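One structure is given here, and the rest of the page talks about it.
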Amino acid sequence: MASYAGELSTEVAPAVRVRSLHRSFNEAGGVLNGLDLDIAPGEFVALLGRSGSGKSTLLRSLAGLDRGVAGTGVIEVPEKVSVVFQDSRLLPWKRVLDNVTLGLRAGDAADRGRQALAEVGLAGREKAWPHELSGGEQQRASLARSLVRDPELLLADEPFGALDALTRIRMHTLLRKLCEVHQPAVLLVTHDVDEAIVLADRVIVLDGGVVRHDARVELDGRRSQADPAFARLRARLLTELGVEDDHDAPGRHLDRAVERAAS
Amino acid sequence: MASYAGELSTEVAPAVRVRSLHRSFNEAGGVLNGLDLDIAPGEFVALLGRSGSGKSTLLRSLAGLDRGVAGTGVIEVPEKVSVVFQDSRLLPWKRVLDNVTLGLRAGDAADRGRQALAEVGLAGREKAWPHELSGGEQQRASLARSLVRDPELLLADEPFGALDALTRIRMHTLLRKLCEVHQPAVLLVTHDVDEAIVLADRVIVLDGGVVRHDARVELDGRRSQADPAFARLRARLLTELGVEDDHDAPGRHLDRAVERAAS
Amino acid sequence: MTTLTGNLSAPTRALAEAEDVRPTRRRLGPGEPIRFGGLIGIAALLLAWVVGSATGVLDPRTLTEPWTVVQTAGTLIENGRLQESLVTSGIRAALGLGLGVLVGTVLALVSGLSRIGESFIDGPIQVKRSIPTLALIPLLILWLGIGEPMKVITIALAVFVPIYIHTHNGLRTIEGRYAELAETLGVTRGEFVRHVVLPGAMPGFLLGLRFAVTSSLLALVVVEVINATSGIGHMITLASNYGQTDIIVVGLVVYALLGVTADAVVRLIERKALSWRRTLAS
Amino acid sequence: MTTLTGNLSAPTRALAEAEDVRPTRRRLGPGEPIRFGGLIGIAALLLAWVVGSATGVLDPRTLTEPWTVVQTAGTLIENGRLQESLVTSGIRAALGLGLGVLVGTVLALVSGLSRIGESFIDGPIQVKRSIPTLALIPLLILWLGIGEPMKVITIALAVFVPIYIHTHNGLRTIEGRYAELAETLGVTRGEFVRHVVLPGAMPGFLLGLRFAVTSSLLALVVVEVINATSGIGHMITLASNYGQTDIIVVGLVVYALLGVTADAVVRLIERKALSWRRTLAS
Amino acid sequence: GGEQAGPRLELTAALPDAPSEDTVLRVGDPATQVALETSGLIDDLDIDVEWANVTGGPKTLEAFRADAIDIGSVADIPPLFAHWTGTDVRIVAARETVDPMEHPTYELGVAPGVDVKSIEDLKGKKIAYSPGQAQGALVLNVLREAGLTQDDVEFVEMQSVDDAFSVALASKQVDVAPLGQTLVKTYLAKYERDGASTIEPGVRDDAWTLYTPTTVLEDADKAAAIKEYVAAWAKAQQWISDHPDEFAQAYYVDHEGLSPEDAQYVVDALGQFTVPTNWDEFIARHQETVDTLVEAQDQEPLDVETIYDRRYEKAIADAVEGS
Ligand SMILES: Nc1ncnc2c1ncn2[C@@H]1O[C@H](COP(=O)(O)OP(=O)(O)OP(=O)(O)O)[C@@H](O)[C@H]1O
Ligand SMILES: Nc1ncnc2c1ncn2[C@@H]1O[C@H](COP(=O)(O)OP(=O)(O)OP(=O)(O)O)[C@@H](O)[C@H]1O
Ligand SMILES: [Mg+2]
Ligand SMILES: [Mg+2]
């Protein structure tokens, strides 16, 4: 599997190169403060970070969508970039299929769009208006739109946020399959540490406007939470994110226990 | 803890009573097909279900927002209902604080709004426009807007979907605290089974337009994934949702193992 | 409990399948459209006219009675003047409208999509629309003579302004995030115009069209003063020269009919073409 | 690699802190506004006028030369006629505009928020706007006389139509989900109007205002034909009866100045009041 | 004017006999057109005419400036204003009413309930005054005739667009306003029962002219064509006077859309026309009007003789006397 970027030497030109990237929306303070990042061709990087830490800001910079935002830095990205926005951003005046195939210049655009929709579980909804889709369905339509155009770099901003566990696993599988075929570089924002570990070659944590933590996922074969290495990485990342232990609930249940004891 | 609905006998009038609820958007088939649901006053119910299974449709029915949608059934809800929409739905022409306090008729509305914003981690952003907030910040502002008005019934449609682990835990704590003080009935849609188990008194699974599964969370004290009862409930719910094992990734990692073996 | 019916607790009442009790929630939007509601106001207006005339509140010398108007209209139809005028004016208005809509849309696109285009086009159009059409007529006569081309172009000049302003405004107020999206999809400029700009500006364009249609009718009154021998505008002008109130009122009724019908047609198109919208009205 | 500069790979070049290399992406929106860009087109128009007059392409009897216009304007200012006219017309237009905007907004709210209101109000307004203002003057004279009230009300009648249509349309096209939100927040109808409807309809209202301002100016030409002794409209009408092209053109230049300025002011208000929007223009 | 200009002709040179073959004269004179067509006199006219439905001072002047017509048919005021505002024009034909005091073009409408029996009663009254229009000049002439000045009455400035004057009278916004014969009938029909009346103005207002830009006259072909046209025009005026019923039907009913009764009324009111073969008196009366306007409206003094092209006086005389 020489294609896995994680195994490449650093001599190969990176697909994405970011140097001392600064971005700020006002005088108060920068959102990105000298961020450096390289992504090798074909590498799958998951981006974690607090809400408001600047993940979307970084993605928009990479996509060249932040013309108005003050800042400096060097960004190099491939020609063909595809973005899954945090909001699904379907054109409300186009039916779902037309949204997916928009700008697709292949002769069989409609067929490919139909197939992509089927793959994200929206077969039969080609003619629906975006407002007729549920939140998760909109998200999947927007995913289909990005995947159907074989980008060299895929920037995905929480593309699975509104999906249930099963659908999410299906989308993981789909994304992995497409990555294997087309080998794009991927930068995927997620809030789900498990998802990051399962999917990515590398997990980075954004904090204070720089990459605070950069962890290569060295797990192999079937990545399972049961694997102690998985659990270790998970714990480390959660610590980086400020969480001592996941899903602890000190407040209520403790209180209740105390109350119970008192009653 | 007599206030916990789970411990009440069925004689007490429920806060929410739904009987044989049908809703359909077209002739093809119903989204809700005779759903029955009771929620006791003060009870916290988590609603799980596939993407597109009708969770938002149910919430909108309970909120009385589906006038145009065909269907029958009986719905009884309390007077004061508060909704957290799946999209954050902040009025784009009002600053964040004004969005939070909209329609709040208390004399100290602004103060309460400011405090609610601080509680969701948006202190200092009162004067920001909605479009200046990150996805997660918008979601929190919309949560603040719902919480500030002490509803008898809180309908929350994936209110934590765009939040990172730490922020999410903080929001859990906040929500729990408020529930303890004001005792609203809560119906919370989530895709995170762990979240459902940690927060709720009862977890229901929507499938085929009816409540397919209704599980009381009997865990007590500190609810932790480490607890075997937690794990059992989790596994059962995931099975209900169609997931054999969570975060398994049969495709890629298996393939890679096979490939490796072959090489 | 907020329910539609109060007697739900009655134990004898079975929850029939067809029962439909929904939470009542104060409706803030305008609610369901009333079928043919638009005609109520017009009917009221007509009624007021009839009653006012019958009771003598409205002096027939100022506003001819409806029955006299019907009678006069009958005469005008009999001797063929009304039909002839309608046809002549109809052709003029349609040509002017078509030309104006075309020019207005193209200018709006050029000016809306490029700042250079805007800086050259927008100012002169603001100047044009600040100037009474009547005052432009001498120039137009100078350049175009007093024949049909002058008339059609004058109408087009009246029409293209609302089309331009509304389309330009509609275009400029398309949400920026859709342009962002289009940029990341790597669409060409042509595709951008076709798939994002035109549909996005369509609501504005159609509102402009509502004004354009009326403008094309009103412009008839101005242009048919000059070297015209038939047309609704000519008919009205001539009649007011001679103080023939009844014919004037026939003309105005025709105007009202045409205007209301045209507006209704545009609004129908609006409803069909913009069915993707979820607004307060829907 | 898509970069702004090609020589980044040169190893000697240090990545200075201030370096700013961003991916180039085809810009599909109109881009940054050009400062004072709006004046370019007007300047071009002026230039064309000057050149056309100097070379004799424009007949001075149809379109007076710019220098003559300046001279005539000088005379009119000297003998005080221009200032007097401006003040008189200004007061009339402002009163009419204020009244029209008020009435139009209120009617739009009533008709926009209740279907009953709409069915009574909307039809008659469509009728009104299909009818030439000129044709309404005799009725208005009979009911209101030929004094100032008639003039102000005629202007208001011309103004309230675009305000009504645009505000009504703006209101009806507010996204339905905001009304839903308001319903779940339990706001009163008054709060709904204040916090959701008015700001949501503001873009429409302001577009309407752009038309209303121009309408109020144009209506002057119609009303100042009757019993006026000063005013820009009166000045133009009088001059065109005498065929005094130079005075007419002075009047038109004043109109253009007023129109363009007023429009610019409304657009400035638009930019300020709607700063929350993220559109193709911003 | 015209697309292809003919040879240049001095304004003092003798009129050529016939225009070249392809000369087209563009005429804004619908009443004469109807008269010529109805009477069949049009067959005698062996020049090509392109008719335009353009009437009234401002419109013809506009059309002149735009070079859209060659000759227009108006009262005696528009040529003056054309001159004063820099369009060089010449009057090439003149027409009067046979019995002008009995058949005034305008009458003075009196508002219901206002006591005005003769023009002397105008003192202290509110009079609708439209400077720049023939109605305005008429009012000035009437005041002069009545021995009053502008200070003796109250002018209400308004334009006589459409039926604005009769509306102003009916709503008692003015006491007196000049009304054209076409409006007198409807005004009286509507408001006589309320006490409305009209009085005769007591001054002549019957002067009617054909006028043309001097640039047209400098074109030898056009000048020759106009010679033909004024001859035909003179015969048409005679025919109108002789056949009032036919003209009423053809012009006022068929062309202008009046009812037969109204048409009859207008034709009767306007009386019979005559085309003078000597313009001296006509010009003298015109000069009086000019002087009044010069005084009242601060216009530049004008010797009105200079805007008459008396070469056509002779052409008309030849035509009228020849027939
Ligand atoms: N247009 C803007 N104007 C002002 N501030 C902004 C703007 N866009 C983003 N910000 C601020 O910049 C910070 C980073 O925003 P960003 O959207 O990148 O966060 P994020 O990491 O994507 O968060 P989330 O996970 O909640 O989406 C936030 O605090 C946000 O409020
Ligand atoms: N307005 C509509 N018109 C037609 N179909 C609709 C409409 N709204 C929802 N649907 C369909 O109804 C089904 C249920 O939608 P709903 O929004 O309730 O799903 P959900 O459970 O909330 O899903 P998600 O988790 O993705 O938000 C979906 O298949 C959706 O496509
Ligand atoms: Mg984000
Ligand atoms: Mg949903």
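What you see is a predicted model; the values in this text were computed from it and never measured. Throughout, a chain's letter reflects where its sequence line sits, starting with A, and its residues are numbered from 1. Note: hydrogens, waters and symmetry copies are ignored here, and every other heavy atom, side chains too, is used.
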Determine, step by step, whether C/His166 and D/His166 satisfy the side chain to side chain contact (heavy atoms under 4.5 Å, CB included) criterion, reporting the C-alpha distance in whole Å, the side-chain angles of both residues, the deciding distance to 0.1 Å, and the verdict. CA-CA 10 Å; C/His166 283 97; D/His166 283 98; 2.5 Å; yes
CG of D/Leu139 to CG of C/Asp59: how many Å apart, nearest 0.5 Å? 10.5 Å
On a heavy-atom basis, the closest approach of D/Ala179 and C/Leu280 is CB-CD1, 3.1 Å
Residue D/Phe211 versus chain C: region with a heavy atom under 4.5 Å: both
Whether the side chain of D/Arg129 engages the backbone of C/Val260 through a donor-acceptor N/O pair (distance < 3.5 Å, no angle test) should be reported. no
Could you tell me which portion of C/Ala44 (side chain, backbone, both or neither) has an atom closer than 4.5 angstrom to a non-hydrogen atom of chain D? side chain
Heavy-atom proximity to chain D below 4.5 Å, by part of C/Leu45: side chain
At a 4.5 Å cut-off on heavy atoms, which part of D/Arg277 comes close to chain C: side chain, backbone, both, or neither? side chain
Given D/Val222, D/Asp122, D/Thr133, the one with more heavy-atom pairs under 4.5 angstrom with chain C than any other is D/Asp122
Give me the contact list for residues 199-209 of chain D versus chain C, heavy atoms only, anything under 4.5 Å, ordered by residue number. D/Leu207
Hey, does C/Glu180 have a side-chain heavy atom less than 4.5 Å from the side chain of D/Arg278? no
Is chain D contacted by the side chain of C/Val196, its backbone, both, or neither, given a heavy-atom distance below 4.5 Å? neither
Answer yes or no: does atom CD1 of C/Ile116 have more than 12 heavy-atom neighbours from other residues, nucleotides or ligands under 6.0 Å? no
Do C/Leu252 and D/Pro132 touch side chain to side chain, with heavy atoms closer than 4.5 Å? yes
Below 4.5 Å from any heavy atom of chain C, which atoms of D/Leu218 appear? Answer side chain, backbone, both or neither. side chain
When D/Gly41, D/Ser119, D/Gly259 are compared by non-hydrogen pairs under 4.5 Å with chain C, the top option: D/Ser119
Quick check on D/Leu171 against chain C: is it the side chain, the backbone, both or neither that has a heavy atom closer than 4.5 Å? both
Return the option, out of C/Thr188, C/Ile165, C/Ile248, C/Val221, with the maximum number of heavy-atom pairs under 4.5 Å with chain D. C/Ile165
For residues 28-39 of chain C, tabulate all N or O donor-acceptor pairs below 3.5 Å that involve a side-chain atom, not counting sequence neighbours.
none

Using non-hydrogen atoms only, which part of C/Leu258 is less than 4.5 Å away from chain D: side chain, backbone, both, or neither? neither
So, the part of D/Val253 with a heavy atom under 4.5 Å from chain C: the answer is neither
Compare every heavy atom of D/Ser130 with every heavy atom of C/Ala256, then report the nearest pair and how far apart it is. CA-CB, 4.0 Å
Checking D/Leu58 against chain C: side chain, backbone, both or neither under 4.5 Å from a heavy atom? side chain
In terms of heavy-atom pairs under 4.5 Å, which option from C/Glu175, C/Arg115, C/Glu183, C/Arg177 contacts chain D the most? C/Arg115
Between D/Arg189 and C/Arg27 the two heavy atoms that sit nearest each other are NH2-O, 3.0 Å
Between D/Glu118 and chain C, with a heavy-atom cut-off of 4.5 Å, which part of the residue counts as in contact: side chain, backbone, both or neither? side chain
Any side-chain heavy atom of C/Glu270 sitting closer than 4.5 Å to one from D/Thr173? no
